[in-house]
Asker: 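Here it is, the structure in full.
Atoms within each ligand, like the ligands themselves, are counted from 1 in listed order. Computed over heavy atoms, backbone and side chain alike; hydrogens, waters and symmetry mates excluded.
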Amino acid sequence: MAGPHFRTRIKFCGLTRPGDARLACELGVDAVGVIFAARSRRRVAPARAAAVRAALSPLVTLVALFMDNDEREVRAAIAEARPTLLQFHGGEDDAFCRHFGLPYLKGLGLGGARVDAGTLRARWPHAAGFVLDGHAPGAAGGSGQRLETANIPADLDRPWLLAGGLDPDNVGEAVRAVRPWGVDVAGGIELAPGVKDGQRMRRFVEAVRAADADAAAATIR
Ligand SMILES: O=C(O)c1ccccc1NCC(=O)[C@H](O)[C@H](O)COP(=O)(O)O
């Protein structure tokens with residue numbers, strides 16, 4: 001049970017425009033994701049990712065997201081965008097993910113499948129955390145598919161982000177129900193793939209903060 005000072009982390013993913021990155025920082029978002037996955041409609045070139053990074057405030061994490069990209073592509077993206085955190089969303093194993101010398105999140109589509117925390121720890125022992133997503137295993141993220149909360153592994157002892165189909169109208173309820181370490185959103189704050197909507201971004205953050213405030217009040221009572 002999170003204590004009264006717990007704050008749900010927020011990751012906005014699939015940014016392609018520096019202006020959206022600046023607004024995300026003003027709203028207090030913890031992390032911004034840029035996507036290099038070939039299958040993504042939000043995919044950016046490394047130079048564009050560097051421009052997004054240049055727009056970030058200090059202390060906001062840039063996450064570089066890959067899905068079965070080869071080593072050369074990963075290295076080129078890291079060299080130019082200089083992320084502080086990686087996210088691997090495909091079939092990558094622990095050895096590949098940690099090969100680049102940066103902390104990484106492992107993204108997983110749980111779909112209708114349950115997975116237990118022990119399996120996650122065993123398969124990706126060096127993961128800094130997990131992004132648990134609603135899409136089918138092996139499918140691309142950014143799908144807008146909600147994660148069935150029954151499939152969330154209990155006793156996951158590492159930071160994890162709830163992802164999949166979150167938006168300003170449902171994220172508050174999701175945070176109250178699940179109390180995830182963090183939440184991750186791409187499509188729910190967009191006008192079009194990669195084009196974020198400032199009003200939806202603001203409302204999303206406000207909904208998460210309101211849920212956190214409710215949880216804090218409940219622990220103090
Ligand atoms: O967002 C994409 O386009 C994407 C494509 C391929 C692999 C991963 C992708 N996104 C990963 C993320 O972390 C998304 O934020 C997550 O899947 C949630 O997306 P959404 O359901 O649109 O909020």
Asker: Do ligand 1 and Gly165 have nitrogen or oxygen atoms that lie under 3.5 Å from each other?
Answerer: yes
Asker: Looking at atom 17 (O) of ligand 1, what's its closest protein heavy atom, distance included?
Answerer: Asp133 OD2, 2.4 Å
Asker: Nearest protein heavy atom to atom 15 (O) of ligand 1, by residue and atom, and its distance?
Answerer: Asp184 OD1, 2.4 Å
Asker: Of the protein's non-hydrogen atoms, which lies at the shortest distance from atom 1 (O) of ligand 1, and what is that distance?
Answerer: Arg42 NH1, 3.1 Å
Asker: Under the ring pair (Phe, Tyr, Trp, His ring centres under 6.0 Å) rule, collect the residues that match up with Phe96, sequence neighbours excluded.
Answerer: Phe88, Phe100
Asker: Consider every N or O of Gly144 and every N or O of ligand 1, then say whether any pair is closer than 3.5 Å.
Answerer: yes
Asker: Please check: side-chain N/O of Lys196 versus main-chain N/O of Ala186, any donor-acceptor pairing under 3.5 Å?
Answerer: yes
Asker: Could you tell me whether some N/O pair between Gly142 and ligand 1 is separated by less than 3.5 angstrom?
Answerer: yes
Asker: Which residue supplies the protein heavy atom nearest to atom 11 (C) of ligand 1, what is that atom called, and how far is it?
Answerer: Leu65 CD1, 3.4 Å
Asker: Please name the residue in the list Ile10, Val29, Val185 that meets the side chain to side chain contact (heavy atoms under 4.5 Å, CB included) test with Val208.
Answerer: Ile10
Asker: What about Arg39: any of its N or O atoms under 3.5 Å from an N or O on ligand 1?
Answerer: no
Asker: State which residues pass salt bridge (Lys or Arg N to Asp or Glu O under 4.0 Å) with Arg146; sequence neighbours excluded, sorted by chain then number.
Answerer: none
Asker: May I ask which of Gly90, Ser40, Ala163 has a heavy atom nearer to atom 3 (O) of ligand 1 than the others do?
Answerer: Ser40
Asker: When you look for heavy atoms under 4.0 Å from ligand 1, do you find them on the side chain of Lys11, its backbone, both, or neither?
Answerer: side chain
Asker: Heavy-atom pairs closer than 4.0 Å: do any link ligand 1 to the side chain of Gln87, the backbone, both, or neither?
Answerer: side chain
